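As structure tokens, the structure follows; a few thoughts come after it.
Side chains are part of it too, since the values below use all heavy atoms of this structure and drop only hydrogens, waters and symmetry mates. Not measured: the values here are computed from a predicted model.
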Amino acid sequence: QVQLVESGGGLVQAGGSLRLSCAASGRTFSSYAMGWFRQAPGKEREFVAAISWSGGSTYYADSVKGRFTVSRDNAKNTVYLQMNSLKPEDTANYYCAAARFGGIVVPATLYDYWGQGTQVTVSS
């Protein structure tokens, strides 16, 4: 069992930056692939970024590539999402998720555990 708690969301102006954190419980965190998703009001949840168990591989949605960076610290059981050059269309509730499969995982249906989310609002 893995429990995930996101933090770091908030209100920021367009062009600004935020760093989200996702703290995980459980001794097997380092074996899990991790992902970030987001959901805006009235829209479906969408994939944002993924990172393999070791942190050696990452993958991004086209909409955030070059602006967002996913990383992890397995010693701290934490995964991060650094978000730069934020745009109003990045406004959403951001969720982290964990998948038992250790490689890059994109489909939300393949993730086993989810956090409660943290709200990011980007003003224009």
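- Side-chain contact check for Leu11 versus Gln119: every heavy-atom pair is 4.5 Å or farther apart.
- Pairing each heavy atom of Leu110 with each of Ala99, the nearest pair is O-CB, 3.7 Å.
- Heavy atoms only, all atoms of each residue included: Gly16 and Val12 are closest at CA-CG2, 3.9 Å.
- Taking the six-membered ring where the residue is Trp, Tyr59 and Phe47 present tilted rings, their angle falling between 30° and 60°.
- Note on Ile104: it does not cluster hydrophobically with Trp36, by side-chain heavy-atom contacts below 4.5 Å among ILVMFWY residues.
- Crowding of Gln39 atom CD: a count of heavy atoms from other residues, nucleotides or ligands under 6.0 Å exceeding 12.
- One finds the CD atom of Gln1 at 10.0 Å from the CG atom of Asp112 (value rounded to the nearest 0.5 Å).
- Note on Val106 and Phe101: same hydrophobic cluster, where clusters join Ile, Leu, Val, Met, Phe, Trp and Tyr whose side-chain heavy atoms are under 4.5 Å apart, directly or indirectly.
- In this structure, Thr78 contributes its side chain and Lys76 its backbone to a donor-acceptor pair below 3.5 Å.
- Rounding to the nearest 0.5 angstrom, the gap separating the CG atom in Leu86 from the OG atom in Ser123 is 10.0 Å.
- With sequence neighbours excluded, no residue forms a salt bridge (charged side-chain N to carboxylate O under 4.0 Å, His left out) with Asp73.
- Nearest heavy atoms, Ala24 versus Val2: CB-CG1, 4.2 Å.
- Aromatic ring orientation, Tyr111 versus Phe37: perpendicular (interplanar angle above 60°, classes split at 30° and 60°).
- Here the shortest heavy-atom pairing between Ala40 and Ala92 reads N-CB, 3.8 Å.
- A search for side-chain hydrogen bond (donor to acceptor under 3.5 Å, both in side chains) contacts involving Ser57 returns nothing, not counting sequence neighbours.
- Cys22 is listed as a side-chain neighbour of Met34, based on a closest heavy-atom distance under 4.5 Å.
- Formation of a donor-acceptor pair under 3.5 Å by the Glu6 side chain with backbone atoms of Cys96 is found in this model.
- Side chain of Thr91 to backbone of Val122: a donor-acceptor contact under 3.5 angstrom is found.
- One side chain, Asn93 or Tyr95, offers a donor N or O that lies under 3.5 Å from an acceptor on the other.
- A distance of 11.5 Å separates CZ of Arg19 from CE of Met83, quoted to the nearest 0.5 Å.
- Side-chain contact between Thr118 and Ser7 is absent, with no heavy-atom pair separated by less than 4.5 Å.
- Note on Phe68 and Val120: same hydrophobic cluster, where clusters join Ile, Leu, Val, Met, Phe, Trp and Tyr whose side-chain heavy atoms are under 4.5 Å apart, directly or indirectly.
- Linking ILVMFWY side-chain heavy atoms closer than 4.5 Å, directly or via other members, places Trp53 and Tyr32 in two distinct hydrophobic clusters.
- Nearest heavy atom pair, residue Ala33 against residue Gly103, reads CB-O, 2.9 Å.
- Distance check: Asp90 CG to Ser63 OG gives 7.5 Å after rounding to the nearest 0.5 Å.
- Under a 3.5 Å cut-off, the side chain of Thr58 and the backbone N or O of Ile51 do not form any donor-acceptor pair.
- In summary, the side chains of Arg38 and Tyr94 do present a donor paired with an acceptor at a separation below 3.5 Å, with no hydrogens or angles considered.
- Residues Trp114 and Arg45 are in side-chain contact: their nearest non-hydrogen atoms beyond the backbone lie under 4.5 Å apart.
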Practice problem: Determine, stepwise, if the pair Val70 / Val79 fulfils side chain to side chain contact (heavy atoms under 4.5 Å, CB included). | Solution: CA-CA 7 Å; Val70 60; Val79 63; 4.0 Å; yes

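- Residues satisfying the side chain to side chain contact (heavy atoms under 4.5 Å, CB included) test with Glu89, not counting sequence neighbours, are Lys87.
- Taken to the nearest 0.5 Å, the OG1 atom of Thr69 stands 4.5 Å off from the OH atom of Tyr60.
- In the hydrophobic cluster analysis, where Ile, Leu, Val, Met, Phe, Trp and Tyr join through side-chain heavy atoms closer than 4.5 angstrom, Leu81 is grouped together with Leu4.
- Atom NZ of Lys65 sits in a crowded spot, with more than 12 heavy atoms from other residues, nucleotides or ligands closer than 6.0 Å.
- Distance CZ/Arg72 to OG/Ser21: 13.5 Å, rounded to 0.5 Å.
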